[in-house]
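In what follows, residues are counted from 1 in the order of the sequence shown. The basis for the numbers below is simple: all heavy atoms, side chains too, and nothing from hydrogens, waters or symmetry mates.
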Amino acid sequence: LNYRVAVPMASLVDEVRREWGRRLAAPGAIAVVFYMLVFLYWRSQQSQLVARAQRLRLGTVLDQSRDAVIGLDASGRVRLWSRGAETLFGLPGDAALGQALQSLVPALDLDAAQLDQQRRVRFDSDQPGAGPRWLEVALVRSPSEDPTLARVVTVRDVSEAQQYQDRLADLNASLEQRVAAQTRDLQGERERLANILDGTGAGTWEWNLRTGDIRFNARWSDMLGYDPAALADMAEDGWRGLVHPEDLPLAQARLQAHLQGESSRYASESRMRHRDGRWIWVLTRGRVMTRTPEGAPEWMYGTHMDVTAMKNAQAEREQVASLLEGVLQAARDFSIIATDSAGIITVFNAGAERLLGYAAADVVGLQTPALFHRLDEVQRRCEELSLSEGQPVEGFRVFVHAPEHTGAEQREWTYVRRDGSEVPVSLTVTEVRNEAGDVVGYLGIGADISARRAVEQSMEAARTQAEAASAAKSMFLANMSHEI
């Protein structure tokens with residue numbers, strides 16, 4: 001850097017001449033004046049050397065800063081252009097000095113800038129191969145009263161931090177879309193199963209165990225493809241003859257257990273032969289309603305329901321559940337934990353096992369998420385919610401109180417692994433509701449943010465270093481102003 005200083009010496013010289021002109025009349029004045037002038041010259045040279053050394057040291061510190069430091073006069077023209085500015089904007093100091101900064105770098109838009117405030121702007125460089133950059137601009141008032149240096153602009157390249165923030169926002173949006181898509185799929189599956197059940201009619205039957213007579217309604221006959229009149233005289237043996245041989249032993253065993261009073265109701269699923277030869281699944285439910293004076297069963301009433309569609313749906317549901325389980329286990333980069341409404345863990349995917357060090361068998365049905373949360377963080381959140389709600393919010397409610405009111409909550413927590421080590425996570429908690437709209441559980445998706453924290457710490461260290469450079473710069477400007 002080149003520094004120029006103009007010192008008004010004319011008035012000082014005139015004053016010295018007048019003062020020593022009066023003393024020349026005294027004997028020996030010439031010698032006194034000579035030695036005094038030599039002494040003053042030596043002191044002036046020493047002061048200039050010290051000031052120059054200080055400016056060189058401060059200039060060296062300023063040039064070592066990666067931030068661009070630009071000094072402006074009252075009209076906005078460049079009076080100081082650091083090496084960081086040369087590197088960032090690709091313009092040497094000789095070409096920048098004396099020029100209006102607004103014309104050199106319009107993106108800085110000093111007209112919109114406010115003193116002592118930072119703002120972020122986009123800068124499109126003219127350098128070949130250089131893409132757009134994001135700059136953090138700060139405008140401060142110069143400590144010097146010299147109009148040649150009225151304001152100082154510091155510019156920092158924060159493109160990398162901006163890109164990280166953009167990637168993190170995209171990742172969060174993608175995750176929210178995936179969760180929303182899975183929620184819609186699950187909701188559609190529930191609606192489909194509900195429609196199947198609502199569309200299933202029930203056939204009724206009445207059985208006199210003393211005579212063996214059985215009466216069926218029309219729906220029971222239609223279920224098997226028969227004319228109700230053809231089944232009017234069907235006896236017990238005829239009904240049993242329609243049951244699949246593989247299912248008959250279990251159906252008979254459950255029926256005998258109920259008739260002997262070992263169960264309060266009879267229920268059995270079995271296949272029955274349709275008139276066209278196919279097999280349909282029928283859920284049979286019944287109960288002995290009357291008994292003889294001796295205690296023997298007399299009349300038994302019940303229903304038949306065609307659950308073929310439900311059985312098929314169950315097989316599909318198991319396939320979907322298996323697929324969902326595969327998806328959950330494959331999502332190894334995210335900790336996915338679901339609980340029931342009381343907070344007991346029901347799902348603990350491979351990502352959670354990998355992050356926390358627990359096996360699913362160690363926690364599913366046994367523990368709550370409080371197992372791997374820091375107690376001081378939970379207590380602090382408990383106090384915050386209790387204060388804001390005006391009533392105690394404790395235990396598992398600390399994690400689900402906000403989601404129940406807003407639908408979801410994203411918050412940073414510290415997970416405690418099984419080995420005692422800690423890991424920072426971004427945890428999103430949402431409600432899980434059934435078709436009736438009742439809360440049946442909660443879903444928590446956690447992402448390890450250790451890398452992000454490391455970047456933030458690195459940025460904080462860089463900020464501290466920049467503040468130190470800024471302090472050195474201020475000292476330099478102050479000393480330069482003093483010397484001027």
Margin query: Centre-to-centre under 6.0 Å for Phe216 and Tyr226, is that the case here?
Written below: no
Margin query: Would Trp220 and Thr303 count as a side chain to side chain contact (heavy atoms under 4.5 Å, CB included) here? Give the steps.
Written below: CA-CA 8 Å; Trp220 195 99; Thr303 62; over 6 Å; no
Notebook entry, point to check: Taking the side chain from Glu353 and the backbone from Ala360, do they hold a donor-acceptor pair closer than 3.5 Å?
Noted result: yes
Checklist line | Any donor-acceptor N/O pair, Arg287 side chain to Gly302 backbone, under 3.5 Å | finding: no
Check: Just by distance, do the side chain of His304 and the backbone of Thr284 share a donor-acceptor pair under 3.5 Å?
Finding: no
Notebook entry, point to check: Roughly how far, to the nearest 0.5 Å, is CZ of Arg151 from CG of Leu101?
Noted result: 9.0 Å
Check: Have Tyr358 and Gln367 got a donor and an acceptor in their side chains that come within less than 3.5 Å?
Finding: no
Next item on the list: Check whether any side-chain heavy atom of Asp67 lies under 4.5 Å from a side-chain heavy atom of Thr154, and answer yes or no.
Entry: no
Note to self: What I want to find out is whether Arg83 reaches Glu86 closely enough, with some N-O distance under 4.0 Å, to be called a salt bridge.
What the structure shows: no
Note to self: Please check: side-chain N/O of Asp247 versus main-chain N/O of Arg271, any donor-acceptor pairing under 3.5 Å?
What the structure shows: yes
Item checked: Side-chain donor/acceptor of Trp81 to backbone N/O of Leu91, under 3.5 Å -> yes
Check: If we only count heavy atoms from C-beta on, is the Phe396 to Pro369 side-chain gap below 4.5 Å?
Finding: yes
Next item on the list: Using a strict 4.0 Å threshold on nitrogen-to-oxygen distance, state whether Arg374 and Glu422 make a salt bridge.
Entry: yes
Margin query: Under a 3.5 Å distance rule, please check whether Ser386 uses its side chain to pair with a backbone N or O of Val393 as donor and acceptor.
Written below: yes
Note to self: So, using salt bridge (charged side-chain N to carboxylate O under 4.0 Å, His left out) as the criterion, who are the partners of Arg265 when residues are at least two apart?
What the structure shows: none
Item checked: Atom pair OG1 (Thr308) and CD (Glu269), whose distance is rounded to the nearest 0.5 Å -> 10.0 Å
Next item on the list: Apply side chain to side chain contact (heavy atoms under 4.5 Å, CB included) to Leu355 and Val425, showing your working.
Entry: CA-CA 10 Å; Leu355 181 65; Val425 296; 4.0 Å; yes
Margin query: Any donor-acceptor pair under 3.5 Å linking the side-chain atoms of Glu377 with those of Thr414?
Written below: yes
Note to self: I'd like to check Pro403 versus Val429 (side-chain heavy atoms, cut-off strictly below 4.5 Å). Are they in contact?
What the structure shows: yes
Notebook entry, point to check: Side chains of Glu404 and Glu431: closer than 4.5 Å at any heavy-atom pair?
Noted result: yes
Notebook entry, point to check: If you round to the nearest 0.5 Å, how far is CD of Gln391 from CD of Glu394?
Noted result: 10.5 Å
Next item on the list: With the side chain counted from C-beta on, respond yes when Gln182 and Gln177 share a heavy-atom pair under 4.5 Å apart, and no when they do not.
Entry: no
Check: Is the backbone N or O of Gly351 less than 3.5 Å from a side-chain atom of Ser335, with the two atoms forming a donor-acceptor pair by type?
Finding: no
Checklist line | Neighbour count above 12 (heavy atom, 6.0 Å) for Arg291 CZ | finding: yes
Next item on the list: Check the surroundings of atom CZ in Arg417: do more than 12 heavy atoms from other residues, nucleotides or ligands lie under 6.0 Å from it?
Entry: yes
Next item on the list: Give the minimum heavy-atom separation between Gly76 and Leu72, together with the two atoms involved.
Entry: O-CD2, 3.8 Å
Check: In Å and rounded to the nearest 0.5 Å, what is the CG to CH2 distance from Asp157 to Trp134?
Finding: 12.0 Å
Item checked: Minimum side-chain heavy-atom gap Ile70-Val152 below 4.5 Å -> no
Next item on the list: Output yes when a side-chain donor or acceptor of Thr290 lies under 3.5 Å from a complementary backbone atom of Trp299, and no otherwise.
Entry: yes
Notebook entry, point to check: Does the Asn349 side chain pair with the main chain of Ile336, one donor and one acceptor, at a distance under 3.5 Å?
Noted result: yes
Item checked: Any Val155 side-chain heavy atom under 4.5 Å of Phe89 side chain -> yes
Next item on the list: Quick one: pull up CG in Leu366 and CD1 in Ile345 and give me the separation to the nearest 0.5 Å.
Entry: 9.0 Å
Next item on the list: Tell me, yes or no, whether the heavy-atom count around Glu160 atom CD, taken from other residues, nucleotides or ligands under 6.0 Å, exceeds 12.
Entry: no
Note to self: Going by ring pair (Phe, Tyr, Trp, His ring centres under 6.0 Å), name the pairs with one or both residues in residues 398-421, residues two or more places apart or in two chains.
What the structure shows: Phe372-Tyr415, His373-Phe399, His373-Trp413, His373-Tyr415, Phe399-Trp413, His401-His405
Notebook entry, point to check: For the ring pair Trp279 and His244, is the centre-to-centre distance below 6.0 Å?
Noted result: yes
Next item on the list: Output the distance between atom OG1 (Thr204) and atom CZ (Arg215), rounded to the nearest 0.5 Å.
Entry: 11.0 Å
Margin query: Hydrogens and angles aside, do Glu409 and Thr428 bring a side-chain donor and acceptor to less than 3.5 Å of each other?
Written below: no
Notebook entry, point to check: By side-chain contact (heavy atoms from CB on, under 4.5 Å), which residues pair with Thr292, not counting sequence neighbours?
Noted result: Arg210, Glu294, Ala296, Glu298
Next item on the list: Flag the pair Arg278 and Asp276 as a salt bridge only when some basic side-chain nitrogen lies within less than 4.0 angstrom of an acidic carboxylate oxygen.
Entry: yes
Notebook entry, point to check: Do the side chains of Ile344 and Thr339 get nearer than 4.5 Å, heavy atoms only?
Noted result: no
Item checked: Electrostatic pair Arg411:Glu384 at N-O distance under 4.0 angstrom -> yes
